[in-house]
Amino acid sequence: MPRAGQLKPLSDSRLTDHVSIGVLTRVFPPELVDGVVAEAGRTERRHRLLPARVVVYYVLALALFADASYEEVMRQLVEGLAWESGWDRAWRVPSKMAISKARARLGREPVELLFRAVAVPVATEQTGGAFYRGLRLVSVDGTCLDVADTPANDQEFGRPGSSRREGGGAFPQLRMVALAEAGTHAIFDVALGAYGDAERTLAEQLFASLGEGMLCLADRGFYSFQCFQNARKTGAQLLWRVKADVGLPREQTLADGSYLTSIYPLKDRKAKRNAQHARVIEYRIDDPALAESEQRYRLITTLLDPEQAPASELATLYPERWELKSALDELKTHQRGPRVVLRSKSPDGVYQEAYGHLCTHYAIRRVMHDAALHADLVPHRLSFIRSLRAARRTARAQPGLSPPHHHDRPPTSDR
């Protein structure tokens with residue numbers, strides 16, 4: 001029992017029952033968090049000041065309040081556990097060291113499992129701008145996140161080269177390749193790796209989330225025969241840009257100006273064995289701001305019938321892949337903050353923090369979709385910045401627990 005004058009720490013059941021971070025608890029309810037904690041084998045065998053459920057929500061809150069200190073984020077998380085609630089003393093915010101140890105105990109697995117348990121496409125038939133002729137529009141793209149400059153992170157992730165700095169860029173970088181809905185900006189699958197991992201290699205990890213009824217858009221850096229075929233085998237339709245040096249012979253010109261071609265595995269190209277059929281759309285954008293090579297576009301698609309997918313429509317549709325660029329910018333620039341480095345000093349913490357950002361972005365985007373659907377608006381036309389600010393306000397405004405009766409005092413933990 002605590003001596004006179006000491007703070008009475010809350011038991012794990014008292015704290016976890018009443019912690020509140022607004023919009024995030026709507027998408028990630030406590031029972032789901034408890035489930036992924038148990039699945040990852042992180043359920044506590046004894047009471048702790050920072051039980052696993054609270055630490056999971058704390059990791060999500062780190063992404064919501066990316067510019068705040070560790071202690072301030074925890075204060076936002078459990079706001080309401082105070083004298084005004086009827087208790088003798090305020091709940092003491094743990095030290096930065098205690099928070100770091102709690103995050104290390106949790107590890108990356110529960111937060112990754114949480115993302116994968118919830119992140120699915122959210123658009124319905126009523127969602128504006130989410131479908132093309134009945135096909136759900138999705139796109140794949142990649143980006144990099146700066147991480148804390150520590151020896152462990154440098155060894156795990158590596159860093160880009162630099163002509164101005166010996167040893168490479170200022171920070172190691174985590175590479176992220178994501179799959180998202182074009183119409184909602186909801187990222188529903190992701191592959192994370194080191195800076196040196198090729199985007200095309202990471203993208204292959206995402207194809208299990210493709211399927212029939214989808215139309216996947218991708219930029220020219222993702223095309224190879226094998227990558228294209230692996231994505232095609234999922235049953236999804238594809239519309240990918242290809243580089244100018246990829247051989248795509250014109251075999252049959254179609255009425256809309258597109259043409260049919262054959263593509264081959266590298267080893268069978270000369271012998272022209274094991275051909276796979278595809279359709280090519282070529283067009284030009286007259287934009288003086290772009291280099292000559294950037295004005296010419298070549299798209300390859302699995303949609304072979306020009307009556308079902310006219311070339312003019314596909315050319316107009318392809319820029320929708322930039323919606324994922326916008327989604328990644330929302331996560332990197334607005335949610336994380338411009339020029340902000342992920343704060344974790346260890347690789348496991350970096351992965352944990354990255355999945356926390358992905359969970360938080362997905363939660364905000366899902367709530368935005370529901371609001372847009374209710375108001376008959378297009379989700380990706382709503383302001384992510386305003387929605388992010390609203391999510392932060394709900395986290396601050398909603399109390400951590402209802403005021404207890406005067407006889408209801410926080411029990412002590414066994415620590």
Check your understanding: Cation over ring, R241 on Y297, under 6.0 Å and within 45°?
Key -> yes
Study note, to complete from the structure: Minimal heavy-atom distance between P110 and V56, with the atoms involved, is CB-CG2, 4.4 Å
Review point. Charged N to carboxylate O below 4.0 Å: is that the case for R136 and E181?
Key: yes
Check your understanding: Taking only residues two or more places apart in sequence, or in another chain, which ones meet T302 in a side-chain contact (heavy atoms from CB on, under 4.5 Å)?
Key -> F228, R232, Q237, L238
Study note, to complete from the structure: ring pair (Phe, Tyr, Trp, His ring centres under 6.0 Å) filter on F157, not counting sequence neighbours, yields Y351
Check your understanding: Would you say the side chains of D256 and S258 form a donor-acceptor pair under 3.5 Å?
Key -> yes
Side-chain polar contacts of residues 356-365 - donor-acceptor pairs under 3.5 angstrom, sequence neighbours left out - could you list them?
residue : atom : partner : partner atom : Å
H357    : ND1  : Q335    : NE2          : 3.0
T360    : OG1  : L60     : O            : 3.1
T360    : OG1  : G356    : O            : 3.0
H361    : NE2  : E330    : OE1          : 2.8
Y362    : OH   : V118    : O            : 3.3
Y362    : OH   : V120    : N            : 3.2
Y362    : OH   : V120    : O            : 2.8
R365    : NE   : E330    : OE1          : 3.4
R365    : NH1  : P379    : O            : 3.2
R365    : NH2  : H185    : ND1          : 3.3
R365    : NH2  : E330    : OE2          : 2.7

Check your understanding: Do S224 and Q226 get their side chains close enough for a donor-acceptor pair, meaning under 3.5 Å?
Key -> no
Check your understanding: Residues two or more places apart in sequence or in another chain: which of them pass side-chain contact (heavy atoms from CB on, under 4.5 Å) with A194?
Key -> D197
Practice item. Please name the residue in the list N153, D146, D149, V147 that meets the side-chain contact (heavy atoms from CB on, under 4.5 Å) test with R159. Key: D149
Check your understanding: To the nearest 0.5 Å, how far apart are CZ in R279 and CG in L248?
Key -> 13.5 Å
Check your understanding: Any chance CZ of R26 has more than 12 other-residue heavy atoms, nucleotides or ligands included, within less than 6.0 Å?
Key -> no
Point to revise | ring pair (Phe, Tyr, Trp, His ring centres under 6.0 Å) involving Y259 - partner list, sequence neighbours excluded | key: none
Review point. If you count the non-hydrogen atoms of other residues, nucleotides and ligands that lie under 6.0 Å from CD in E212, is the total more than 12?
Key: no
Check your understanding: Closest approach of D141 and L324, non-hydrogen atoms and distance?
Key -> N-CD2, 3.2 Å
Exercise for review: Count the heavy atoms belonging to other residues, nucleotides or ligands that lie under 6.0 Å from CD of Q155, then report whether that count exceeds 12.
Suggested key: no
Review point. Which heavy-atom pair separates F222 from V177 by the least distance, and what is that distance?
Key: CE2-CG1, 4.1 Å
Check your understanding: Run the side chain to side chain contact (heavy atoms under 4.5 Å, CB included) check on F207 and C216 step by step: do they pass?
Key -> CA-CA 10 Å; F207 293 162; C216 176; 5.9 Å; no
Check your understanding: Does R133 reach the main-chain N or O of Q308 with its side chain, forming a donor-acceptor pair under 3.5 Å?
Key -> yes
Practice item. Given side-chain hydrogen bond (donor to acceptor under 3.5 Å, both in side chains), test K272 with S262 step by step and report yes or no. Key: CA-CA 9 Å; K272 294 187 176 181; S262 295; over 6 Å; no
**Study point:** Shortest non-hydrogen separation from M176 to L145 and the atoms involved
**Key:** CE-CD1, 3.7 Å
**Study point:** Flag if over 12 foreign heavy atoms under 6.0 Å of CG, D305
**Key:** yes
Check your understanding: Got a salt bridge between R116 and E112, using NZ or NE/NH1/NH2 to carboxylate O under 4.0 Å?
Key -> yes
Check your understanding: Without hydrogens or angle criteria, can the side chains of E251 and T261 be said to hold a donor-acceptor pair below 3.5 Å?
Key -> no
**Study point:** With Y132 via side chain to side chain donor-acceptor pair (under 3.5 Å) - residues at least two apart
**Key:** E313
Practice item. Examine the side chains of Q352 and R103 and answer whether a donor and an acceptor come within less than 3.5 Å of each other. Key: yes
Check your understanding: Going from OG on S95 to OH on Y70, what distance comes out if it is rounded to the nearest 0.5 angstrom?
Key -> 12.0 Å
